[in-house]
Amino acid sequence: MKLTFKKSEKLTSRIIIDLIFAEGKTLKKYPVLLKYLPVEFRDKEPLKVVMSVPKRRIKKAVDRNRIKRLMREAYRQNRMPFKEMLIKEEKSLALFFIYNGKENPDFTAIEEKIKLILKELGSVISKETKEEL
RNA sequence: UUAGUAAACCGUCUUGUCGCGCAGACAUUAAUUGUCUUCGAGGAAAGUCCGGGCAACAAAGAGCAUCAUACUUCCUAACUGGAAGGAUUCGCCUUAGGCGAAUACAGCUAGUGCCGCAGAAAAUAUACCGCCUCGGCCGCAAGGUCAGGGUAAGGGUGAAAAGGUGAGCCCUCCUUUGUGAGGGAUAAAGCCACUUCGGUGGAUGAAAGUAAGAGCUCACCGCGCUCAAGGCGACUUGGGUGGCAGGGUAAACCUUAUGAGUUGCAACAUCAUGUAAACCAAGGCUUGAAGCUUGCUCGGCUGAACUUGGAGGGUAGAUGGAUUGAACCCCAGAGUGAUUUGGGGUCUAGAUAAAUGGCAAGAUUUUCAGACGCAAGUCUGGAAAACAGGACCCGGCUUAUAGGUUUAUUAUUUUU
RNA sequence: GGUCCUGUGGCCGAGCGGUUAGGCAGUGGUCUGCAAAACCAUCUACAGCAGUUCGAAUCUGCUCGGGACCU
């Protein structure tokens, strides 16, 4: 499987984003915060994602754009194991990453946190499926 | 050569690999997907401070209100923009000119308001103290007190005290040439007379003062008005006149002139979805309910497809708008210049929860440490590379910005 | 993206161009056996930079914060 990152893997529906904020669950690994929610997508994509940096925390547009790009890159390189697991368990998820720090980070730090979060989320999901069974 | 100032321009680069966005070609699929190729952030993309394009409002028309602008001419699609010029102020050089900088630069002589504190007085100079004088009273006198009149010489203040400067008795004598002596002239008040009650005349008198000074008079400058010459014009130069009335403040109200219809691409159009211009109740039919039209009025428009209440449902996403344009580059011409005319060439981001990134290697510049070297410098290792990210599009303005290049100019050093 | 509003001590909040009110809080005192309350005193401000004006929190321009509305 290739490490491409097409538009179909991005979450663009405003309705689902509102749903995540209303009903989603939260995982924190400072400075990254993840909100997620199990959702059925029309195009059968198992995983859709949003990257967000609040204007309140990071003032400059250049820095916001850069942090989003770094987060996207880290997610692109490290999501595959998690995605394969989801396909195996026949689930679909909507993810919403929020950068909650005030500093301008470098790539390795972001990558580490994203890896950690994906791993933890994976264990949580597999636990839930076992309980359902 | 070095440093300063001003203006203009540039504003890290290369390769590999994994990825991203628009478009095109080819292949492929039920939908789709894959491969390749071209292109892919800025000088400010920012602030949203001006202006315009564009769009909607069944009119956008008039008046008022509101807002904006304000030396002149020109440029421009337009402008709180730019160019050239004028005036004022400041600085420098040196001299009656030159150079440079700054200027929200219409009108307080249309009206109204304000000018705290201090000060006698802050805009009609209403005389507070002082000075002079006349009268009454007290007192032996010196003087005191009360009331009236004159006088702008003096008065701490204040940002500012009424445009600025100068002049404002005469003769004789002395010589210590003055705040001297003598003589003459002169104001107001008071006194007497007359009176049309506004004043007029007369006598007395000689204090202060005729140094300085002044709000009084005169002259000049300045201001105003006006004429002539030059200039498209702002204005400049020169002459005449006689009003001296006119302190500051309009980024105080305001006046004058000019301009602005309002709202903004989340405008707006099309498609899709939706029984939804549907259902129930009340009001309301051309002698006109009600609504729309920019803040108001007039005017205009719609004309039962309307208004109010009830009950209830759906959409909330795709396309256009959207990138070929007052576009950019080169050459030639016009113009002092902003700019413009002609010719040739180029196509140069179009995303939509929003594309430029990650990793690796190298180069360039700066800087730090160490080594070598007399020095210029060389080598090794580390760090840093500004301000900052399109969101309908353009023209400006403003603000942020490491470093570099060019030109002009000023000073300095060296050589000739 | 667009259209607007706003900024005064630690907090709230007045302010007509002329010395920045007032309340709460803080600090020190009086009072009390000790506190509280009360009373007295005191500390700390006009977001920043320019301009207009004799004089600016106030008027004007620019910059920097904070907030609201429009889908």
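We name chains A, B, ... by the order of the sequence lines, and we start the count at 1 in each one. What's counted below: heavy atoms across the whole structure, side chains too, no hydrogens, waters or symmetry copies.
- Base pairing analysis places C:C59 opposite C:G51; the two distances defining the Watson-Crick or G-U wobble pair are each below 3.5 Å.
- Listed candidates were B:A354, B:C359, B:G357. Nearest to the side chain of A:Arg69 is B:G357.
- The closest side-chain heavy-atom distance from A:Val32 to A:Ile98 is not below 4.5 Å.
- Of the nucleotides present, B:C387 is the one that pairs with B:G42 by Watson-Crick or G-U wobble criteria, both distances under 3.5 Å.
- Rounded to whole Å, the distance from CG on A:Leu70 to C1' on B:C18 is 15 Å.
- For the pair A:Phe96 and A:Asn65, nearest-nucleotide mapping onto RNA chain B gives the more 5' position to A:Phe96.
- Taking the P atom of each, B:A41 and B:C71 are spaced 45 Å apart, rounded to whole Å.
- Here the closest heavy-atom approach between residue A:Phe82 and residue A:Leu118 is recorded as CD1-O, 3.8 Å.
- Distance noted for atom C1' between C:U58 and C:A21: 16 Å (whole Å).
- Using a 90° window around 0 for the glycosidic torsion, B:G198 falls inside it and is classed as syn.
- Annotated as anti: C:A36, whose glycosidic dihedral deviates from 0 by more than 90°.
- Comparing the C1' positions of B:C49 and C:C64 gives an interatomic distance of 16 Å, to the nearest angstrom.
- Distance check on atom P: B:A384 versus B:C328 gives 41 Å, rounded to whole Å.
- Rounded to whole Å, the separation between the C1' atoms of B:G158 and B:A120 comes to 14 Å.
- Taking syn as a glycosidic angle within 90° of 0, B:G246 qualifies as syn.
- The base of B:C20 has none of its N or O atoms less than 3.5 Å from a complementary donor or acceptor on the side chain of A:Arg76.
- Within the 4.5 Å cutoff, no side-chain heavy atoms of A:Glu112 are placed close to those of A:Lys115.
- Across all strands shown, B:U315 remains unpaired; no Watson-Crick or G-U wobble contact has both distances below 3.5 Å.
- In a base pair of the Watson-Crick type (N1 to N3 plus N6-O4 or O6-N4) or a G-U wobble (N1-O2 and O6-N3), with each distance short of 3.5 Å, B:G166 is matched with B:C218.
- At a threshold of 4.0 angstrom between heavy atoms, the contacts of A:Arg64 with the nucleic acid are absent.
- By the criterion of side-chain heavy atoms lying less than 4.5 angstrom apart, applied directly or through intervening Ile, Leu, Val, Met, Phe, Trp or Tyr residues, A:Tyr99 is not grouped with A:Val62; the two fall into different hydrophobic clusters.
- Residue A:Gln77 contributes atom CD, which lies 16 Å from atom P of B:U17 at whole-angstrom precision.
- Scanning both residues, A:Met51 and A:Lys68, for their nearest heavy atoms gives O-CD, 3.7 Å.
- Of the candidate nucleotides B:U356, B:G358, B:G389, B:G389 has the atom nearest to the side chain of A:Val62.
- To the nearest angstrom, P of B:G358 lies 15 Å from CE of A:Met51.
- Base pairing of B:U263: its partner is B:A55, meeting the Watson-Crick or G-U wobble criterion (both donor-acceptor distances under 3.5 Å).
- Side-chain contact between A:Phe96 and A:Leu33: absent, with no pair of heavy atoms (C-beta onward) separated by less than 4.5 Å.
- One can place CD of A:Glu111 at 10 Å from C1' of B:C359, the figure rounded to the nearest angstrom.
- Base pairing analysis places B:A369 opposite B:U380; the two distances defining the Watson-Crick or G-U wobble pair are each below 3.5 Å.
- Whole-Å rounding puts the A:Arg79 CZ to B:G19 P distance at 10 Å.
- Nucleotides B:G144 and B:G166 are separated by 46 Å at their C1' atoms, to the nearest Å.
- Taking atom CG of A:Asp106 as the reference point, atom P of B:A360 lies 11 Å away to the nearest angstrom.
- Going from the P atom of B:G382 to that of B:A363 covers 12 Å, rounded to whole Å.
- As a whole-Å value, the separation of A:Lys68 NZ from B:U356 P is 11 Å.
- Closest non-hydrogen pair, A:Lys29 versus A:Leu116, comes out as CD-CD1, 4.2 Å.
- Checking C:C69 for Watson-Crick or G-U wobble geometry (two distances, each under 3.5 Å) identifies C:G2 as its partner.
- Comparing A:Arg66 and A:Ala61 by the nucleotide of RNA chain B whose heavy atom lies nearest to each, the residue mapping closer to the 5' end is A:Arg66.
- Put simply, CG on A:Asn78 is 14 Å from C1' on B:G19, counting in whole angstrom units.
- Remark: the separation of the P atoms in C:U60 and C:A36 is 49 Å, to the nearest Å.
- In this entry the base of B:U336 is anti relative to its sugar, with a glycosidic angle more than 90° from 0.
- B:C92: Watson-Crick or G-U partner is B:G98, with both key distances under 3.5 Å.
- Between A:Thr26 and A:Leu34 the shortest side-chain heavy-atom distance does not fall below 4.5 Å.
- In this structure, C:G67 is classed as anti because its glycosidic torsion departs from zero by more than 90°.
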